[in-house]
Amino acid sequence: VQLQASGGGLVQAGGSLRLSCAASGRTVINYHMGWFRQAPGKEREFVAVFSSRAGGTKYADFAKGRFTVSGTNTKSTVYLQMNNLKPEDTAVYYCAAGNRPWGSSSMTRASGYDYWGQGTQVTVSS
């Protein structure tokens, strides 16, 4: 499994970005696809997860109402649309693939994912 995240950049507060995660083969079909972020000096935290096979999504509380995760099996790509960005959203964003049981607490933990992309930097200026 190979994952390639892209789409990060510098944006002003209130702006939007769409991150993409290109996955190899049938990854999007076979795995739950998660987004995490890590700010300097902080632990990696869960943002959202999309599952084609489970037909569901899950969001961290800070992401609800602002971020939308989606995926397309045909393009084997997962997206994270981020709106109304805030300076505290500044971080390196990572996509990941895992196959723990859907709905388990492992879905929101980095340890619940087996494969990781290289990360893309998101910087939100005030």
Side-chain angles (χ1 to χ4, degrees):
V1 173
Q2 294 183 332
L3 305 172
Q4 179 79 28
S6 62
L10 174 63
V11 63
Q12 290 187 333
S16 298
L17 282 174
R18 188 176 81 156
L19 306 184
S20 299
C21 177
S24 59
R26 297 172 61 83
T27 303
V28 174
I29 296 175
N30 294 330
Y31 290 84
H32 310 312
M33 302 299 295
W35 285 96
F36 286 75
R37 69 184 188 183
Q38 188 165 19
K42 295 187 177 181
E43 293 188 355
R44 192 167 297 190
E45 67 175 344
F46 171 76
V47 177
V49 58
F50 166 85
S51 179
S52 174
R53 69 183 196 187
T57 58
K58 184 177 178 62
Y59 296 91
D61 287 343
F62 67 80
K64 292 176 182 177
R66 299 192 299 130
F67 295 2
T68 303
V69 64
S70 62
T72 166
N73 295 338
T74 54
K75 295 183 178 179
S76 200
T77 302
V78 177
Y79 304 98
L80 182 67
Q81 176 68 43
M82 304 186 294
N83 298 327
N84 191 23
L85 284 162
K86 305 175 181 180
E88 52 263 43
D89 293 319
T90 295
V92 177
Y93 284 71
Y94 299 89
C95 61
N99 59 6
R100 303 299 192 275
W102 181 253
S104 67
S105 59
S106 61
M107 287 288 91
T108 61
R109 295 198 297 264
S111 60
Y113 294 80
D114 304 301
Y115 304 97
W116 292 83
Q118 86 290 359
T120 184
Q121 175 71 47
V122 171
T123 303
V124 185
S125 62
S126 57

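In this text, all values refer to a predicted model and were calculated from it rather than measured experimentally. Side-chain atoms are counted along with the backbone in the values below, which use heavy atoms only and exclude waters and symmetry mates.
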Check: Same hydrophobic cluster for Tyr31 and Leu3, using side-chain heavy-atom links shorter than 4.5 Å among ILVMFWY?
Finding: yes
Note to self: Donor-acceptor check, side chain of Thr72 to backbone of Thr77, threshold 3.5 angstrom: yes or no?
What the structure shows: no
Item checked: Verify same cluster id: Phe46, Tyr79 (apolar side-chain graph, 4.5 Å) -> no
Margin query: Under a 3.5 Å distance rule, please check whether Thr123 uses its side chain to pair with a backbone N or O of Thr90 as donor and acceptor.
Written below: no
Item checked: Shared hydrophobic cluster, Leu85 / Leu19 (ILVMFWY, side-chain heavy atoms < 4.5 Å) -> yes
Next item on the list: Mind checking the OH-CE spacing from Tyr113 to Met33? Nearest 0.5 Å is all I need.
Entry: 9.5 Å
Next item on the list: Write down the atom of Ala97, the atom of Val1, and the distance for their closest heavy-atom approach.
Entry: CB-CG1, 4.4 Å
Item checked: For the student: nearest non-hydrogen atoms of Val28 and Ala23, plus distance -> CG2-CB, 4.1 Å
Notebook entry, point to check: Counting only N and O atoms by type, is there a donor-acceptor contact under 3.5 Å from the side chain of Tyr93 to the main-chain atoms of Ser6?
Noted result: no
Next item on the list: For Val49 and Met107, work out which heavy atoms get closest and say how close.
Entry: CG2-SD, 4.5 Å
Notebook entry, point to check: With a 4.5 Å heavy-atom cut-off, do Asp114 and Arg100 have their side chains touching?
Noted result: yes
Check: Which heavy atom in Gly15 sits nearest to a heavy atom in Val11, and how many Å separate them?
Finding: CA-CG2, 3.8 Å
Check: If you round to the nearest 0.5 Å, how far is CD of Gln38 from CD of Glu43?
Finding: 8.5 Å
Notebook entry, point to check: Given Val122, which of Val92, Leu80, Leu17 fulfils the side-chain contact (heavy atoms from CB on, under 4.5 Å) condition?
Noted result: Leu17
Check: Does Phe36 have Arg44 sitting over its ring (NZ/CZ under 6.0 Å from centre, angle to axis within 45°)?
Finding: no
Next item on the list: For residues Ala13 and Ser126, report the shortest heavy-atom separation together with the two atoms involved.
Entry: CB-CA, 4.4 Å
Checklist line | Flag, side chain of Ser106 to backbone of Gly112, donor-acceptor distance under 3.5 Å | finding: no
Notebook entry, point to check: Is the backbone of Glu45 close enough, under 3.5 Å, to the side chain of Arg37 for a donor and an acceptor to pair up by distance?
Noted result: no
Check: So, does Gln118 use its side chain to make a donor-acceptor pair with the main chain of Ala5 at under 3.5 Å?
Finding: yes
Notebook entry, point to check: Within a radius of less than 6.0 Å around CZ of Arg26, do more than 12 heavy atoms belonging to other residues, nucleotides or ligands occur?
Noted result: no
Next item on the list: Calculate, to the nearest 0.5 Å, the distance between atoms OH and OG belonging to Tyr115 and Ser24 respectively.
Entry: 9.0 Å
Notebook entry, point to check: Can you list the steps and then say if Phe67 with Val69 is a side-chain contact (heavy atoms from CB on, under 4.5 Å)?
Noted result: CA-CA 7 Å; Phe67 295 2; Val69 64; over 6 Å; no
Next item on the list: Could you walk me through whether Glu88 and Phe62 pass the side-chain contact (heavy atoms from CB on, under 4.5 Å) test, one step at a time?
Entry: CA-CA 10 Å; Glu88 52 263 43; Phe62 67 80; over 6 Å; no
Checklist line | Asn84 side, atom CG; Ser16 side, atom OG - distance, nearest 0.5 Å | finding: 8.0 Å
Next item on the list: Evaluate the ring planes of Trp116 and Tyr94, with Trp represented by its six-membered ring, and classify them as parallel (under 30°), tilted (30 to 60°) or perpendicular (over 60°).
Entry: perpendicular
Notebook entry, point to check: Measuring from Lys58:NZ to Trp102:CH2, what's the distance to the nearest 0.5 Å?
Noted result: 8.0 Å
Notebook entry, point to check: CD1/Ile29 to OG/Ser51 distance, rounded to the nearest 0.5 angstrom?
Noted result: 11.5 Å
Next item on the list: For the pair Lys86 and Asp89, find out whether any cationic side-chain nitrogen is under 4.0 Å from an anionic carboxylate oxygen.
Entry: no
